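In the text below, chain A, chain B and the rest are named by the order of the sequence lines, each starting its count at 1. Please read all numbers here as calculations on a predicted model, not as lab measurements.
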4 protein chains.
Amino acid sequence: MSKWGTSVPRRRKRADGERNRAQLIIAAKNAIAEHGAAVSLDQVSRDAGVSIATLYRHFPSRDALLQEVYSEEVEALIGTAEQLTADHDPVTALREWLVVFVEFLNTKRGMADALSTLIDGPDALFSETHARLSSPISALVARATDTGKFRIDVEPLDLLRALTGVANVRPDPDWKQSAIHLIDHLIRGAELER
Amino acid sequence: MSKWGTSVPRRRKRADGERNRAQLIIAAKNAIAEHGAAVSLDQVSRDAGVSIATLYRHFPSRDALLQEVYSEEVEALIGTAEQLTADHDPVTALREWLVVFVEFLNTKRGMADALSTLIDGPDALFSETHARLSSPISALVARATDTGKFRIDVEPLDLLRALTGVANVRPDPDWKQSAIHLIDHLIRGAELER
Amino acid sequence: MSKWGTSVPRRRKRADGERNRAQLIIAAKNAIAEHGAAVSLDQVSRDAGVSIATLYRHFPSRDALLQEVYSEEVEALIGTAEQLTADHDPVTALREWLVVFVEFLNTKRGMADALSTLIDGPDALFSETHARLSSPISALVARATDTGKFRIDVEPLDLLRALTGVANVRPDPDWKQSAIHLIDHLIRGAELER
Amino acid sequence: MSKWGTSVPRRRKRADGERNRAQLIIAAKNAIAEHGAAVSLDQVSRDAGVSIATLYRHFPSRDALLQEVYSEEVEALIGTAEQLTADHDPVTALREWLVVFVEFLNTKRGMADALSTLIDGPDALFSETHARLSSPISALVARATDTGKFRIDVEPLDLLRALTGVANVRPDPDWKQSAIHLIDHLIRGAELER
DNA sequence: CATGAATGAGGCTTCATTCAT
DNA sequence: AATGAATGAAGCCTCATTCAT
């Protein structure tokens with residue numbers, strides 16, 4: 001089927017393109033973590049080892065890039081929610097997922113900025129991610145609540161927002177531990193029997 | 001009309017200087033509330049009715065100005081803590097102060113950005129505010145804890161951070177309500193008798 | 001399915017090449033009419049359904065492409081001149097041709113830009129077109145003059161330039177009518193008997 | 001009244017500012033004449049010997065700059081129309097003004113581009129200039145027509161457009177002569193008695 | 001003290017054009 | 001012959017900050 005006997009070497013350039021694309025996403029991820037969501041795209045392209053024009057070829061707008069960076073991780077997060085739901089009792093699943101969310105924030109340092117920085121108020125990027133995270137957290141909370149032993153008046157997404165707040169304290173190396181304390185406290189406040 | 005002919009003008013000069021300084025802080029405060037922390041200093045100086053150079057005379061750098069804006073409000077917050085401590089029982093005082101803190105965040109929309117936007121590591125501005133807020137919140141929590149009916153494993157400052165997280169959801173007009181729900185939940189999680 | 005198994009594909013390759021070339025010219029023509037002469041070549045190649053590289057294979061530079069677009073239409077114009085000369089009396093032929101020229105400008109909206117945009121001095125593109133249009137208009141004018149009833153001190157090409165000036169008023173939807181009025185006036189000014 | 005004894009030296013900087021402003025207008029004028037209206041503002045600022053930021057300080061937008069360049073000359077033109085109306089018989093006045101208009105085009109080479117290039121179709125800049133030139137030319141034509149010996153079916157502004165067309169032939173050094181021939185022809189076509 | 005002006009530097013974005021396959 | 005990818009270069013614009021008066 002192949003013209004040259006192996007199926008791989010054909011279209012090396014194409015492969016490079018995809019490698020660059022990947023590099024850009026990685027660079028953007030790191031850059032955002034380091035400098036916040038307002039990173040210069042110039043910076044990102046430099047980090048990725050490509051020209052700024054190449055960045056623009058792959059991502060026609062800053063948002064398109066952020067979207068992509070964001071997307072991957074968010075999908076993973078959502079997948080984890082399903083996994084945990086299957087493997088654990090409701091409250092544990094919720095707790096564990098919040099812990100995973102904190103891990104996610106770790107890579108995403110600056111992402112919170114990203115959301116609010118994007119100009120148009122309730123913008124597409126935010127709305128979408130919002131919506132995507134809303135499902136799993138709501139489901140997990142609902143499942144915990146359905147046990148009858150758990151009650152929480154806080155809107156599910158606000159749990160994530162609270163953790164984001166703790167995560168945004170940039171310099172503190174112990175923030176993850178702090179966040180876990182907060183998770184425990186939040187759960188404890190929701191348990192009816194004590 | 002002479003510059004030194006009366007005893008008043010000499011003082012007025014000084015007064016003008018201070019008025020300018022005050023105006024600048026007010027303008028910066030409003031500008032930040034309105035446009036986020038990335039406001040152009042030009043904008044601020046224009047709003048204050050002085051030249052950009054005058055701004056620089058008073059505040060040698062952008063950060064110095066932010067610092068000051070921040071400072072004022074923080075001092076007010078601290079004052080409130082003392083007031084509440086004097087007027088209310090420990091848990092109520094804590095709860096009320098957290099509510100006041102949420103109000104503070106309301107004016108400061110964008111201030112959170114300001115903090116995280118400042119680029120490198122444990123920056124001076126943040127650290128100082130951090131330190132200054134640490135005292136009142138710690139004191140309030142300690143006082144509540146000392147009643148023996150209250151226990152919280154979360155680091156006091158993290159309570160504020162959690163609220164900040166909820167506050168940072170820019171477009172939601174109900175965020176304040178959400179924040180208060182969170183406060184109640186956090187307090188509830190800390191009460192030993194239920 | 002084999003590449004060389006039939007005698008047709010070999011020719012088709014060539015045919016494709018020519019088709020592409022033609023498509024490119026058409027696309028460029030439309031693009032210029034729509035967006036002015038500053039169209040991006042990327043746009044043109046996309047419209048033509050080929051890659052930008054293919055565009056470059058056919059036309060080594062932006063100017064080469066414009067040249068070609070221009071050329072085709074100019075040839076058609078010249079053909080029309082001959083036709084009109086054959087079919088009508090001198091003055092009518094001249095008038096009609098000027099009307100056709102106005103039609104030509106209509107499709108070419110933006111072409112005028114194209115010419116003057118090319119940066120330096122008496123550029124090749126312009127000069128050539130210049131030269132090519134010079135013949136027919138001069139011939140038509142000469143033929144009208146030879147009747148002895150017609151006299152015009154204006155350089156023949158300037159008649160076209162004047163019309164181009166009227167045509168370049170972009171927003172006016174009645175410009176064609178205006179141009180025809182101008183044609184009539186110009187002819188009227190040349191008629192000796194009145 | 002002055003603090004230093006002469007009224008001049010005070011505010012030297014301000015004077016510089018105005019000089020720069022003037023330089024920018026001159027540079028823009030020349031640059032447009034040379035490269036057309038799409039000149040890079042960077043280029044203009046460089047020619048004027050100031051930084052691009054300074055250009056922007058004086059003219060917040062490209063249009064603002066063009067407006068200014070344009071404005072001065074247009075006002076002069078309008079003034080001339082009044083002068084000529086006062087000093088000459090109707091037809092002569094019209095003819096002379098058209099000659100002056102040709103002179104104006106000489107400085108303005110590329111201005112025609114400017115008009116059509118500015119993005120929004122019938123845009124403010126164009127409309128205004130349009131309107132401003134409309135008055136004098138209409139008045140001059142009307143006055144000539146009122147003599148009863150002159151008739152022209154061409155819209156007054158189209159006379160200017162026709163001349164602009166001739167003027168836009170960049171390389172020809174004799175274009176001014178050509179334009180004057182055209183003027184004479186246009187006038188001749190309008191005279192009823194011959 | 002205050003001012004208006006100026007600027008360097010940096011980010012954004014778009015192209016025409018080249019290159020390896 | 002055709003392609004997608006890459007890039008240098010250039011334009012646009014904005015801002016924090018400095019300076020001469």
Side-chain angles (χ1 to χ4, degrees), chain A residues 3-4 9-21 38-46 49-58 60-62, chain B residues 3 12-18 20-21 38-45 49-63 65, chain C residues 12-18 20-21 38-45 49-63 65, chain D residues 3-4 9-21 38-45 49-58 60-62:
Chain A
K3 233 168 161 180
W4 288 283
R10 191 80 205 285
R11 306 224 176 179
R12 177 124 52 95
K13 251 302 160 57
R14 185 84 133 245
D16 276 22
E18 256 150 53
R19 185 139 42 87
N20 282 343
R21 190 192 155 85
V39 224
S40 128
L41 296 187
D42 265 319
Q43 188 55 237
V44 171
S45 68
R46 240 174 288 128
V50 302
S51 84
I52 178 70
T54 295
L55 185 156
Y56 272 89
R57 156 172 274 280
H58 287 291
S61 71
R62 165 180 287 266
Chain B
K3 235 169 161 181
R12 186 170 299 148
K13 261 265 162 93
R14 186 93 120 252
D16 279 13
E18 260 152 49
N20 283 345
R21 189 190 156 84
V39 226
S40 109
L41 295 189
D42 236 40
Q43 188 56 238
V44 170
S45 68
V50 302
S51 80
I52 178 69
T54 297
L55 184 157
Y56 270 87
R57 170 165 297 281
H58 287 293
F59 308 98
S61 76
R62 156 179 275 268
D63 287 11
L65 172 57
Chain C
R12 184 169 300 146
K13 261 264 161 92
R14 187 94 119 249
D16 278 13
E18 260 151 52
N20 283 346
R21 190 191 154 84
V39 226
S40 111
L41 295 189
D42 236 39
Q43 190 56 240
V44 171
S45 67
V50 303
S51 80
I52 177 69
T54 296
L55 185 157
Y56 270 87
R57 170 164 297 281
H58 287 293
F59 309 97
S61 77
R62 156 178 274 269
D63 288 11
L65 173 57
Chain D
K3 236 166 159 179
W4 288 282
R10 190 79 204 287
R11 304 227 177 175
R12 175 126 50 98
K13 251 302 159 61
R14 187 84 133 246
D16 277 22
E18 256 150 54
R19 185 140 39 88
N20 282 343
R21 190 192 154 85
V39 224
S40 128
L41 296 187
D42 265 317
Q43 187 56 237
V44 171
S45 69
V50 302
S51 83
I52 177 71
T54 295
L55 184 156
Y56 273 90
R57 157 171 272 281
H58 288 290
S61 70
R62 164 181 289 265

dA6(F) phosphate, OP1 or OP2, under 4.0 Å from Ser51(A) side-chain N/O: no
Residue closer to the 5' end of DNA chain F, His58(A) versus Thr54(C) (nearest nucleotide): Thr54(C)
Set of residues satisfying side chain to side chain donor-acceptor pair (under 3.5 Å) with respect to Asp42(C), sequence neighbours excluded: Arg46(C)
Counterpart residues, side chain to side chain donor-acceptor pair (under 3.5 Å), relative to Ser40(A) (two or more places apart): none
Base-pairing string, 5' to 3', of DNA chain F - Watson-Crick or wobble, under 3.5 Å, | interstrand: .||||||||||||||||||||
All side chain to side chain contact (heavy atoms under 4.5 Å, CB included) counterparts of Arg57(B), not counting sequence neighbours: none
Whole angstrom value for the distance that separates P of dA9(F) from CG of Leu55(A): 19 Å
Interatomic distance, Ser61(A) atom OG to Tyr56(A) atom OH [nearest 0.5 angstrom]: 8.5 Å
First encountered from the 5' end of DNA chain E, between Gly49(D) and Arg57(B): Arg57(B)
All side chain to side chain contact (heavy atoms under 4.5 Å, CB included) counterparts of Phe59(C), not counting sequence neighbours: Arg21(C), Leu24(C), Ile25(C), Ala64(C), Leu65(C), Glu68(C)
Residue pair Val50(A) / Leu55(A): nearest heavy atoms and the distance that separates them: CG2-N, 4.5 Å
With sequence neighbours excluded, residues passing side chain to side chain donor-acceptor pair (under 3.5 Å) with Ser51(A): Thr54(A)
Reading 5' to 3' through nucleotides 9-16 of chain E, protein heavy-atom contacts under 4.0 Å coded B for base, S for sugar-phosphate only, - for none: --SBBBBS
Gap between atom NE2 of His58(B) and atom CG of Asn20(B) - 0.5 Å precision: 5.0 Å
Closest to side chain of Asn20(B), choosing from dA2(F), dA2(E), dT7(E): dA2(E)
